[in-house]
Amino acid sequence: MKQYNHKLIEKKWREKWRKSGLYKTEESFSVESGSASGGKKPKSYVLDMFPFPSGEGLHVGHPKGYIATDIYSRFKKMNGYNILHPMGWDAFGLPAENYALERKIHPKAAVDKNIKRFREQLSLLGFNYDWSREINTTDPDYYKWTQWIFLKLFEKGLAYESDEPINWCPSCRTGLSNEDLEGNVCERCGSAVKKKPLRQWMLKITDYAERLLEDLKELDWPESIKESQRNWIGKSQGVEIEFKIQNSKFKINVFTTRPDTLFGATYCVLAPEHKLVKKLKPRIKNWREIEKYIEKAAAKSEIERLTEKKEKTGAELKGIKAINPANNEELPVFIADYVLAHYGTGAIMAVPAHDERDWVFAKKFNLPIKQVICQFYQEPKCPVLNEAYLGEGKLTQSGKFNGIDSEKAKKEITKFVGGKITVKYKLRDWVFSRQRYWGEPIPIIHCDPPAGGCGVVAVPESDLPVKLPEVKNYEPTGTGESPLANIKKWVKTKCPRCGREGRRETNTMPQWAGSSWYYLRYIDPKNDQSLVDKKKEKYWSPVDLYAGGAEHATRHLIYARFWHKFLYDLGAVNYSEPFKRLQNVGLIIAEDGRKMSKRYGNVVNPDDIAAVYGADTLRIYEMFMGPFDQAVSWSTESIIGARRFLEKIYSLAFKIKITPNNPAEAGLAGQANQNSKLENLLHRSIKKAGEDIENFKFNTAIAQMMILTNEMEKSETLPENIFETFLKILAPFAPHLSEELWEKLGRKTSIHSEKWPEYDPRMIKEKTFELVIQINGKVRAKMEAPAEAGEAELRGMALNHPVIKEKLAGRPPKKIIVVPGRLVNVVI
RNA sequence: GCCGAUGUGGUGAAAUUGGCAAACACGCAGCACUCAAAAUGCUGUGGGCUCACGCCCUUGUGGGUUCAACUCCCACCAUCGGCACCA
């Protein structure tokens, strides 16, 4: 018998598949225009989060998700679906640029080199990608359309310039969006982020907050990801209430979710940056102190604010009083940095009795604490609070509202003071410009000659793409200007509107731009006329299955949904959500329990594993390691199990015997019986593998195939039709080996074009089962029983079992529970 | 602090959704083959008591519901993720 030579087999089939174009996507919608292939096939768009081609190359963790989508899409294909399963590169952005800077090469050269390496590594694993649809976000033909989307956003007023202070990473020397922070640290390099006022391009993602939240309901995504997005969007329903400032025309507009506590407000607080503070300057008696506080607050980094969290600071605006609209009480007004300028109205009414932060502040500044919600209502007295009470209750010390429930009081008090019901979100607009070289140029021209110009002008669509200029020196400047600003020849241009001299926008887009719509490009990768052909898009969209890491929950996955909804509103796409079903890939941790990284020297390279054990073995192993969405530790020691499994299958191919049509007739009764057992197991395996693939439970699908393999091995003979069918269910998992053995059986066409076998429900049913007999819930005996035996029959069998008879010793059982097909429980 | 997830043998894990806990695999031990080793095959492998037939205990901890709980309910502990002065 020959040895299982994975090297030969895998190389052979990779080449054959490439030559035959086996994995090329069929454009079935063209059927309408009269092609020969018959009716419209159902489609399945199976997508991996495309990788950033880093200099480190792939480690064994990367392919985990790719293997899963490969299995899934092969399975779908066998079930008659038309498959779109593409791959591409997310190659713009900071990491690529930093990598190039370190090595003193051009980012373009670095990216090209890394992509080549990635492609090689991926091709070794036998994936069914249609490489004719490969895309690259740094390709001008691609980013032309990224820029086009920006122009549309600009046109619709959703891209705007702003000078608000934003997050600045001093080490990466660029501004960052909220989503780019982890805590208050740059997600990329871990440096503490500073606040820096900077001219920025912003995208108005907040306009879509409600729809981003609402439409989560219809998505088949892991609950944890949906929950993260809900938290990130952070919707809260509340009320805006105006507090007049005594003896003036000014008002403080506060936002609160607890209007029921209005009578308990004992002071107001404005954020230090609040515009009203400057307006009130002439009337503030301690302006110097206030000014100092504002400066101090502005200088504080977010880190400092964080560490000082519990320690509240602030300053009273002396000479200013606000009037509580509920009871006309005069309240002192403070500025304090525990109130955030960018959330709500940047101003609050403080109710120390019913808010933890206000409580702490009130204690520190010796302000009155007035309880107005009573948990155990016993008017006129309430138990004294020793901390803020946040719950519901009945109102007290609230005038005519005393005694009513807080929930009801919310509405009534709002009405009483003319409050405006509003909804606020934590989500903030997307800081969209980066002061770096390696990104898509923002297609904007500034027309600002001394005599007065057109201002900010969009580059005409016909001039797209605005190509990133070739440069020698692309180091970030750190001044808040992009390195592009130094390329005078590139910056200097004509205003497309008036023809006078203009300057190009020199900021670039963040890495997230290209990945916010790439899944559409795969549908129509060569299109130069529009973003995507709408007819093609209608057929292929939405992505049916999207697999990738959970770390994208509030970054890529929220940005892409935002852009998609915008494109939907624009009429450029047919559906309002891009990704119907999402599967999280659990990380593969290194054997030492840490993340795999060159830094720790614990990287396992998939090429090495594939060389020693084979790509099919690696595929089986990674899918067998554990539940797909769970993090697991790599163990080179355990791979051998997957390898043994495939070796067994390989040697089984030499064991096949064509059995007579009717073995019983041929005097092989025992063997016929054995074969029918095998057949039974086969049908159950078809069912289990199919269901498990659909549910991304590859580990148990493989376990089932192992059980079947072990049985086939034990069996005296192995009928060819059984082994043949088994190969089909193995095919998505181990494409090379199954194809090889398929050929060995004399088949001329590819196993990957075969139909997924159907199981016969009658074949799955066993004739008998092992009846478990319990006494008081403990197993006391087991016996063979007919599968279709009814309750009465099973009860009789159990009670007649010698062991049970003995245990009962003549006593009558109290109760007997019979579960047909399973057990009998006798209670005594 | 809030939200989410997880907790089962030496290890990765499984359990038809309330019905035999530990399938499948790794590892380990013994045996066979071998001069020997590797590979392979067979047997065993949660813990305790017992010469043994057997019996008892066991799914993070404590309680509860049930004929029956890894699964449902209550309280707690631990680990990992996300958010965090969001009014």
Has A/Lys64 got a side-chain atom pairing as donor or acceptor with A/Val585's backbone, closer than 3.5 angstrom?
no
Distance between the [atom1] atoms of [N] and [M], in whole angstroms?
| N | M | atom1 | result |
| --- | --- | --- | --- |
| B/rC28 | B/rG64 | C1' | 41 Å |
| B/rC76 | B/rC85 | P | 26 Å |
| B/rG81 | B/rA69 | P | 35 Å |
| B/rG44 | B/rC35 | P | 28 Å |
| B/rU61 | B/rU66 | P | 23 Å |

If you assign A/His342 and A/Met706 each to the RNA chain B nucleotide with the nearest heavy atom, which residue ends up on the more 5' nucleotide?
A/Met706
Of A/Ala642 and A/Ala347, whose nearest nucleotide on RNA chain B comes first from the 5' end?
A/Ala642
What I want to check is whether the side chains of A/Tyr389 and A/Gln371 have a donor and an acceptor closer together than 3.5 Å.
no
Scan side-chain atoms only and decide if A/His6 and A/Arg643 contain a donor-acceptor pair under the 3.5 Å cut-off.
yes
With both distances under 3.5 angstrom, what nucleotide forms a Watson-Crick or G-U wobble pair with [N]?
| N | answer |
| --- | --- |
| B/rC35 | none |
| B/rU11 | B/rA25 |
| B/rA68 | none |
| B/rU79 | B/rA5 |
| B/rU17 | none |
| B/rC42 | B/rG30 |
| B/rC85 | none |
| B/rA52 | none |

Examine A/Lys312 relative to A/Tyr338 and say whether NZ or CZ is less than 6.0 Å from the centre of the six-membered ring and inside a 45° cone about the ring axis.
yes
For [X] and [N], what is the distance between atoms [atom1] and [atom2] respectively, to the nearest whole Å?
| X | N | atom1 | atom2 | result |
| --- | --- | --- | --- | --- |
| A/Met623 | B/rC26 | CE | P | 18 Å |
| A/Arg644 | B/rA38 | CZ | P | 13 Å |
| A/Glu770 | B/rG19 | CD | P | 17 Å |
| A/Arg230 | B/rC83 | CZ | P | 16 Å |
| A/Ile816 | B/rA68 | CD1 | C1' | 15 Å |
| A/Tyr343 | B/rA84 | OH | P | 13 Å |
| A/Leu823 | B/rG18 | CG | P | 15 Å |
| A/Leu794 | B/rG19 | CG | C1' | 14 Å |

Please work out whether B/rU59 sits syn or anti, treating a glycosidic angle within 90° of 0 as syn.
anti
Specify the glycosidic conformation (syn or anti) of B/rG48, with syn defined as within 90° of 0.
anti
Side chain of [X] only, heavy atoms from C-beta on: which candidate in [options] is closest?
| X | options | value |
| --- | --- | --- |
| A/Leu340 | B/rC20, B/rA87, B/rC26 | B/rA87 |
| A/Asn231 | B/rG82, B/rC20, B/rG27 | B/rG82 |
| A/Ser638 | B/rA23, B/rC26, B/rG82 | B/rC26 |
| A/Pro627 | B/rA23, B/rG27, B/rA14 | B/rA14 |
| A/Asn699 | B/rG12, B/rA15, B/rA14 | B/rA14 |
| A/Lys697 | B/rA15, B/rA87, B/rA13 | B/rA15 |
| A/Ile348 | B/rA87, B/rA15, B/rC26 | B/rA87 |
| A/Val819 | B/rG19, B/rA87, B/rC20 | B/rG19 |
| A/Val339 | B/rG27, B/rA87, B/rA14 | B/rA87 |
| A/Glu713 | B/rA87, B/rG41, B/rC20 | B/rG41 |

Indicate whether OP1 or OP2 belonging to [N] is found under 4.0 Å from a side-chain N or O atom of [X].
| X | N | result |
| --- | --- | --- |
| A/Ser633 | B/rU11 | no |
| A/Lys778 | B/rC57 | yes |
| A/Asn776 | B/rA68 | no |
| A/Asn710 | B/rA25 | yes |
| A/Tyr338 | B/rA87 | no |
| A/Arg643 | B/rA39 | no |
| A/Arg780 | B/rC20 | no |
| A/Arg258 | B/rA87 | no |
| A/Gln630 | B/rA13 | yes |

Is it the case that [N] (base atoms only) and [X] (side chain only) share a donor and an acceptor within less than 3.5 Å, ignoring hydrogens and angles?
| X | N | answer |
| --- | --- | --- |
| A/Arg822 | B/rU16 | yes |
| A/Lys814 | B/rC67 | no |
| A/Lys782 | B/rC20 | yes |
| A/Asn825 | B/rC67 | yes |

Between [X] and [Y] (salt bridge meaning N to carboxylate O under 4.0 Å), is one present in this structure?
| X | Y | result |
| --- | --- | --- |
| A/Lys251 | A/Glu242 | yes |
| A/Lys410 | A/Glu407 | yes |
| A/Glu223 | A/Arg230 | yes |
| A/Glu711 | A/Lys677 | no |
| A/Lys363 | A/Glu387 | no |

What does [X] touch in the nucleic acid at a heavy-atom separation under 4.0 angstrom: a base, only the sugar-phosphate, or nothing?
| X | answer |
| --- | --- |
| A/Ile817 | base |
| A/Val772 | base |
| A/Ser236 | sugar-phosphate |
| A/Gln774 | base |

Rounded distance [0.5 Å steps], CG in A/Leu682 versus CZ in A/Phe726:
9.0 Å
